[in-house]
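Shown next, in C-alpha cells, is the structure this report addresses.
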Amino acid sequence: MLIFAPWQRSGLLSWAALALLGAAASYAVAFAYMARKLTDKRAPMAMSAAQMLMATGWATLSAPVAGPVDADLVGLGAVTALGVLGTGVTFYLNYRLIADEGPTTAATVGYLLPVVSVGLGALLLDEQVGLRVLAGMAVVLIGVAMARPTGARGTARATTTARKPKTVYAP
C-alpha cells in the first residue's frame with residue numbers, strides 16, 4: 001500500500017486501496033490452499049503441466065467468442081514461448097518451492113516483486129523514488145524477513161519432511 005499509494009488519487013477507502021488489500025489477502029490464501037490441496041510433493045511438474053493444460057483448454061473454448069484473430073507463425077511461436085517459458089516454468093518453480101519450503105516461504109517471493117520493480121525502475125529508468133516508496137520497500141523487506149523460518153534448515157522444511165511417505169521415489 002505504501003509503495004503504490006492508491007489513496008493519492010481517490011482516498012484511503014477507495015476501490016483501488018481495497019483491491020490492493022484484497023489481492024494481498026487472496027495471494028496468501030491461494031498459497032495455503034495450493035499447499036494443502038494442489039501440491040503433490042513428488043510431482044510439481046505434473047501439477048504445473050495439468051494447470052497449464054486446463055488453462056489452454058479454457059482459452060481454446062473461448063476463442064470463437066474472441067472474434068477473428070490475425071495470427072501468423074511468428075505470433076503463435078511468441079505466445080507459445082511466453083506460455084511455456086514465462087508461465088509454465090514459473091508455475092513449476094512455484095509448485096516446487098511450495099513443496100520444498102512451504103507456502104509461507106513461497107508466498108514471500110511474490111511480495112518482493114514491487115520492491116524489485118521499483119528498484120529496477122529507479123536504477124535503469126531514472127524514476128524518482130521518494131521517502132514513502134522507500135518506507136514501503138522497507139516494510140516489505142522486514143515483513144519477508146520476519147516470515148522466513150528460523151533454525152538451521154528452517155521450520156518449513158522440518159514440517160514437510162515429517163509428512164513424507166516412507167517409500168523412496170526417484171526424481
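Residue Met137 comes nearest to Val115 through the heavy atom pair CE-O, 3.5 Å, listed as atom of the first residue, atom of the second, then distance. Heavy-atom minimum distance, Pro114 versus Ser117: O-OG, 3.1 Å.
Between Asn94 atom CG and Ile98 atom CD1 the span is 4.5 Å, to the nearest 0.5 Å. For the atom pair CG of Leu141 and OG1 of Thr108, the computed distance is 11.0 Å after rounding to the nearest 0.5 Å.
If you chain together hydrophobic residues whose side chains sit under 4.5 Å apart, Leu112 and Val129 fall into the same group. Criterion: ILVMFWY side-chain heavy atoms under 4.5 Å apart, direct or through other members. Under it, Tyr111 and Leu120 are not part of a common hydrophobic cluster. Under the 4.5 Å side-chain contact rule for hydrophobic residues, Val79 and Val84 do not share a cluster.
For Leu73, the CG atom sits in a loose shell: 12 or fewer heavy atoms of surrounding residues, nucleotides or ligands are nearer than 6.0 Å. Taking a 6.0 Å sphere around CG of Leu131, one finds it holds 12 or fewer heavy atoms contributed by other residues, nucleotides or ligands.
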task: Test side chain to side chain contact (heavy atoms under 4.5 Å, CB included) on Leu76 and Asp72 and set out the steps.
output: CA-CA 6 Å; Leu76 290 173; Asp72 58 357; over 6 Å; no
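Considering only heavy atoms from C-beta on, Leu61 comes within 4.5 Å of Trp58 through its side chain.
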